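Got a structure for you, written out below as structure tokens; questions coming shortly.
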Amino acid sequence: MINWFKFSAPSTFYPLAGKLVPVFWLLAAIFGAIGLYIGFFVAPTDAQQGEGYRIIFIHVPASWMSMFIYCVMAFWSLLGLTFGTRLSGMMTTALAPTGALFAFLSLWTGALWGKPMWGTWWVWDARLTSELILFFLYLGYMALHAAIDDPRRADRAGAVLSLVGVVNVPIIYFSVKWWNTLHQGASVSLTKSASMASTMLWGMLIMALAFWAYTLAVALMRARAIMLEREANTEWVKHLPDIRRAA
Amino acid sequence: MPQLFAMFAAYFAALNRDLLLVMRRKTEVLTALFFFVIVTTLLPLGIGPEPDLLRKIAPGAMWIAALLATLLGLQRLFAADHADGTLEQMALSPEPLSILVAGKITAHWLVCGLPLVLLAPVIGLQFDLPTDAIGILMLSLLIGTPLLSLIGAIGAALTLGARGSALLVSLLVLPLYVPTLIFGAGAVESYITGLGAAGHLSLLGALLVLAIAFSPWATTAALRISLE
């Protein structure tokens, strides 16, 4: 039986995270290089969209990550509220900016892709709109967390918010979808795509892995910083080799 | 059974108290109402008085004004009770806090939501809506405004004691209002276009049931966090 709670204390998690960060950076670099190579050189030129479609290798993985990170945040929030672990709140806080970054990246690359393909930067499509709302939810989480001075309270309030948000995301998606079908404003169909070449799929999957590793690396780095900041007065921080060397 | 009665008594006590407080200071209610009227009056001034255009934007415009008017009252939902310690006494009460919270939310709806429903026909006439569409609009607001109060209460409880909470509530709550806005305004719109409003109203009702079940509970969790 593995003792899952061993690493739920910052004092044991901090060194573990320190060891994992370079590993995930390396993985991110390797997968990123492979994914970009496939994206730029291996994947065939699209018959309809020409070279412009290659933005898909950033756009789709970024969208996946933005949704996935929100679910992970909700997971940590649930864990934090049920077990009262300090680490859960730190992880949620550490993940939020990266999630917001990916949501923004997804919207931005989507706009850049939409302009040459559909002739417009933005359509009120269900996916675009719910991605934008997801971005707002990330901003709301970060604003709430920043507005409460006591970090423990901020963590718990943020946890409730992200759980409320995760229940709402599917509702928002379907409401926007039905709203969109009622209006039938945009004649663009995102789902009507030709059967995707398998190299394209592989490229996207590998880029998703790269983003995944990047997220882990950055979130762990951020979590380490948060741990030091919040636990600056504890014994384990004083006995850290890095701290003693600096002192 | 006596326990159930005690819970109902607690619910009505909380409701009664909040309504009484509001009646002693009527300006606060009237501000939100007046805000609703002013926003809906300014819109035609900004967009132009063509009846066709106004009829088209009426459902959306009135719904957005209703969202904003509900937001105005949200900060007051718990702030005063938090400041003078009443909320802590409520949390210590033998009755579940969520029952008291449900009473407060109901009071908020009666004060900030219901008047909007009753005012809607007048504003609807300003926008040249046909009479039967006004009926649908009132129905959608009747189902939708309690939903706004319920969702908003979570945001109000979360931001309690946070810096700049007034602005923060709108940032947290408005994205969560999206489905309500879509189904509420959509009901009127699809009725006008001849598709029938039943589908939208049913979905709105489903959301309301979901919110009645979960919102007092989530609000209570948030309140307990801010009372720590």
Side-chain angles (χ1 to χ4, degrees), chain A residues 70 74 77-78 80-82 84 89 100 103 124 126 129-185, chain B residues 60 147 150-155 157-187 189-193 195-197 199-200 203-204 206-207 210-211 213-215 217-228:
Chain A
Y70 203 86
S77 300
L78 191 65
L81 283 181
T82 34
W124 287 97
T129 315
S130 40
E131 184 74 30
L132 183 65
I133 306 271
L134 183 66
F135 181 57
F136 291 156
L137 288 178
Y138 275 118
L139 292 189
Y141 175 87
M142 288 193 283
L144 178 66
H145 203 281
I148 301 177
D149 288 323
D150 177 15
R152 290 281 284 156
R153 246 193 69 199
D155 278 352
R156 292 165 62 85
V160 171
L161 181 68
S162 61
L163 285 176
V164 171
V166 91
V167 173
N168 267 281
V169 164
I171 300 179
I172 292 174
Y173 175 77
F174 282 108
S175 66
V176 180
K177 194 170 171 181
W178 291 328
W179 166 77
N180 189 252
T181 46
L182 175 72
H183 281 254
Q184 297 175 342
Chain B
L147 192 54
L150 284 163
I151 300 173
I154 305 177
L158 280 174
T159 52
L160 211 55
R163 270 174 287 114
S165 59
L167 275 174
L168 197 57
V169 171
S170 31
L171 189 63
L172 299 188
V173 166
L174 281 177
L176 302 179
Y177 277 173
V178 169
T180 319
L181 171 68
I182 287 175
F183 295 133
E189 223 180 296
S190 62
Y191 179 79
I192 293 176
T193 50
L195 290 171
H200 284 86
L203 282 166
L204 210 55
L207 287 180
L210 197 70
F214 287 107
S215 159
W217 182 60
T219 310
T220 309
L223 281 180
R224 289 208 189 275
I225 291 166
S226 31
L227 286 177
E228 268 171 15

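From a predicted model like this one, the values you see are computed outputs, not experimental measurements. Quick note on labels: first sequence line is chain A, next is B, and so on, each numbered from 1.
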Looking only at heavy atoms and a cut-off of under 4.5 Å, which of A/Asn168, A/Leu144, A/Val160, A/Ile172 has the most pairs with chain B?
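Looking at each option in turn, the highest pair count goes to A/Leu144.
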Side-chain polar contacts of residues 132-139 of chain A - donor-acceptor pairs under 3.5 angstrom, sequence neighbours left out - could you list them?
residue  : atom : partner : partner atom : Å
A/Tyr138 : OH   : A/Ser66 : O            : 2.6
A/Tyr138 : OH   : A/Tyr70 : N            : 3.0

Quick one: what part of B/Thr180 sits under 4.5 Å from any heavy atom of chain A, side chain, backbone, both or neither?
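Neither part.
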Chain A contact via B/Leu160 - which portion, at a heavy-atom distance below 4.5 Å
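Only the backbone of B/Leu160 comes within 4.5 Å of chain A.
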A/Ser162 (side chain) donor-acceptor with A/Ala74 (main chain) under 3.5 angstrom:
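Checking the backbone N and O of A/Ala74 against the side chain of A/Ser162, no donor-acceptor pair under 3.5 Å is found.
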For the atom pair CG (A/Leu163) and CD1 (B/Ile154), what is the distance rounded to the nearest 0.5 Å?
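Output value for this atom pair is 11.0 Å.
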Based on non-hydrogen pairs under 4.5 Å, which of B/Gly155, B/Gly199, B/Ala162, B/Pro179 is most in contact with chain A?
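Going by pairs under 4.5 Å, I would pick B/Pro179.
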A/Ala146 portion near chain B, given a 4.5 angstrom heavy-atom threshold:
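When you check distances to chain B, only backbone atoms of A/Ala146 fall under 4.5 Å.
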Partner set under salt bridge (Lys or Arg N to Asp or Glu O under 4.0 Å) for A/Arg152, not counting sequence neighbours
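Residues passing salt bridge (Lys or Arg N to Asp or Glu O under 4.0 Å) with A/Arg152: none at all.
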Tell me, for B/Leu167 versus chain A, whether the close heavy atoms (under 4.5 Å) come from the side chain, the backbone, both or neither.
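Looking at B/Leu167, nothing touches chain A.
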Taking every heavy-atom pair that is under 4.5 Å apart, which of A/Ala154, A/Gly165, A/Ala147, A/Ala143 has the most such pairs with chain B?
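So the answer, after comparing A/Ala154, A/Gly165, A/Ala147, A/Ala143, is A/Ala147.
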From B/Leu171 atom CG to A/Met142 atom CE, the distance as rounded to the nearest 0.5 Å:
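Answer for the CG-CE pair, B/Leu171 versus A/Met142, is 10.0 Å.
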Which atoms of B/Leu158 come close to chain A, meaning under 4.5 Å heavy atom to heavy atom: side chain ones, backbone ones, both, or neither?
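Both parts, heavy atoms under 4.5 Å.
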Once you round to the nearest 0.5 Å, how far does CZ of A/Arg156 lie from CD1 of A/Ile148?
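Here the rounded value is 11.5 Å.
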Are A/Ile171 and B/Leu210 close enough that some pair of their side-chain heavy atoms sits under 4.5 Å apart?
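A side-chain contact exists here, since the closest heavy-atom pair is under 4.5 Å.
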What part of B/Leu176 lies closer than 4.5 angstrom to a heavy atom of chain A: side chain, backbone, both or neither?
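Both parts, backbone and side chain.
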Given a strict heavy-atom distance threshold of 4.5 Å, which part of B/Leu174 is in contact with chain A: side chain, backbone, both, or neither?
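Neither part, no heavy atoms under 4.5 Å.
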